[in-house]
Amino acid sequence: MMVGIIMGSQSDLVIMEQAADFLKSLEISYELTVVSAHRTPERMFDYAKSAKSRGLKVIIAGAGGAAHLPGMVASCTTLPVIGVPILSSNSIDGWDSVLSILQMPSGIPVATVALNGAMNAGILAAKIIGSSDEKVSKKLETYQNSLKDKVLGTVKEIQKHHPNSFD
């Protein structure tokens, strides 16, 4: 396993699968499970403390509401942790989740992506792995070039209908 993807509740799965799908597209192995900081704290501690010895290189942790999972996991491991704030049914427009993950105390950093930004978390995890794995780095380069090609294709499409558009 290279990337651990955890979430506080099964209701977060639809968001967190975006990270899994991106990693799968680059053929990066991952594990995916539910680990609640509040309802299963022992499971959370066990998961975080054993992650490195199980071969994980990065942990992506998604949580809504009070969103303590990413920070608590980061406090128990030296692995990089990427937090995904999730807009949940008990959330205050997602701001509670964003700020809970973003405002970590000095010494316990958590990289934080946008609200429901699990795909970006998957991309960031791949970039972390790609910094020491040339095969992953090349796949990321191909992915980024595809984004450029998509935008330039859109520009050409607009130019067909609006000839005075910027080249």
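Just so it is clear, the model here is predicted, and its values are computed rather than measured.
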Rounded to the nearest 0.5 Å, what separation is found between the CZ atom of F22 and the CG atom of L140?
5.5 Å
Between S137 (side chain) and E134 (backbone), is there a donor-acceptor pair under 3.5 Å?
no
Counting C-beta onward and ignoring hydrogens, is there a side-chain heavy-atom pair between K24 and D21 closer than 4.5 Å?
yes
Does the side chain of V84 reach to within under 4.5 Å of the side chain of M7, using non-hydrogen atoms?
no
Under the side-chain hydrogen bond (donor to acceptor under 3.5 Å, both in side chains) rule, collect the residues that match up with S9, sequence neighbours excluded.
S11
Please check if the side chain of S97 supplies one atom and the backbone of A67 the other of a donor-acceptor pair under 3.5 Å.
no
Under 4.5 Å between side-chain heavy atoms, counting indirect links through other Ile/Leu/Val/Met/Phe/Trp/Tyr residues: same cluster for V151 and I123 or not?
no
What about M104 and V73, same hydrophobic cluster or not, with Ile/Leu/Val/Met/Phe/Trp/Tyr joined at side-chain heavy-atom distances under 4.5 Å?
yes
To the nearest 0.5 angstrom, please state how far the CD atom of Q159 sits from the OG1 atom of T154.
11.0 Å
Would M44 and I6 count as a side chain to side chain contact (heavy atoms under 4.5 Å, CB included) here? Give the steps.
CA-CA 9 Å; M44 180 202 62; I6 57 175; 5.9 Å; no
Sequence neighbours excluded, the answer for side chain to side chain contact (heavy atoms under 4.5 Å, CB included) partners of Q144 is K127
ring-ring contact (aromatic ring centres under 6.0 Å, His included) against Y30, all qualifying residues, sequence neighbours excluded:
none
Please find the pair of heavy atoms, one from A74 and one from V110, that lie closest to each other, and give the distance.
CB-CG2, 3.7 Å
Once rounded to the nearest 0.5 Å, what's the spacing between atom CG of L26 and atom NZ of K135?
10.5 Å
Mind listing the closest non-hydrogen atom pair of I28 and A126 along with its distance?
CD1-CB, 3.7 Å
Decide yes or no for K57 and I128: does some side-chain heavy atom of the first lie under 4.5 Å from some side-chain heavy atom of the second?
no
Search all heavy atoms of T33 against all heavy atoms of R43 and return the closest pair with its distance.
OG1-NH2, 2.6 Å
P80 versus V58: any side-chain heavy-atom pair under 4.5 Å?
yes
How close do A19 and I60 get, counting heavy atoms only, and between which atoms?
CB-CD1, 4.0 Å
From W95 atom CH2 to L87 atom CG, the distance as rounded to the nearest 0.5 Å
12.0 Å
Between CG on residue L147 and OG1 on residue T142, distance to nearest 0.5 Å:
11.0 Å
Check: L13 and L32 side chains under 4.5 Å, non-hydrogen atoms:
yes
Checking the side chain of E141 only, and the main-chain atoms of V136 only, is there a donor and an acceptor separated by less than 3.5 Å?
no
With hydrophobic residues grouped by side-chain heavy-atom distances under 4.5 Å, do L56 and I82 end up in a single group?
no
According to a 4.5 Å side-chain heavy-atom criterion applied to Ile, Leu, Val, Met, Phe, Trp and Tyr, with indirect links allowed, do V35 and M2 form part of one hydrophobic cluster?
no
Counting N and O atoms only, with roles assigned by atom type, does the side chain of D133 sit under 3.5 Å from a partner on the main chain of I129, one being a donor and the other an acceptor?
no
Hey, are the side chains of Q18 and N116 touching, using non-hydrogen atoms and a 4.5 Å cut-off?
no
Should V14 and I5 be counted in the same cluster of Ile, Leu, Val, Met, Phe, Trp and Tyr side chains packed under 4.5 Å apart?
yes
I'd like to know whether M16 forms a side chain to side chain contact (heavy atoms under 4.5 Å, CB included) with I86, so could you lay out the CA-CA distance, the side-chain angles of the two residues, the decisive distance to 0.1 Å, and finally the verdict.
CA-CA 9 Å; M16 298 305 288; I86 295 177; 3.9 Å; yes
Verify, without hydrogens or angle tests, whether S91 (side chain) and G64 (backbone) share a donor-acceptor contact under 3.5 angstrom.
no
Looking at every non-hydrogen atom in both residues, tell me the closest pair between A48 and C76 and how far apart they are.
CB-CB, 3.6 Å
Minimal non-hydrogen separation, A66 against H38, with atom names:
CB-CE1, 4.3 Å
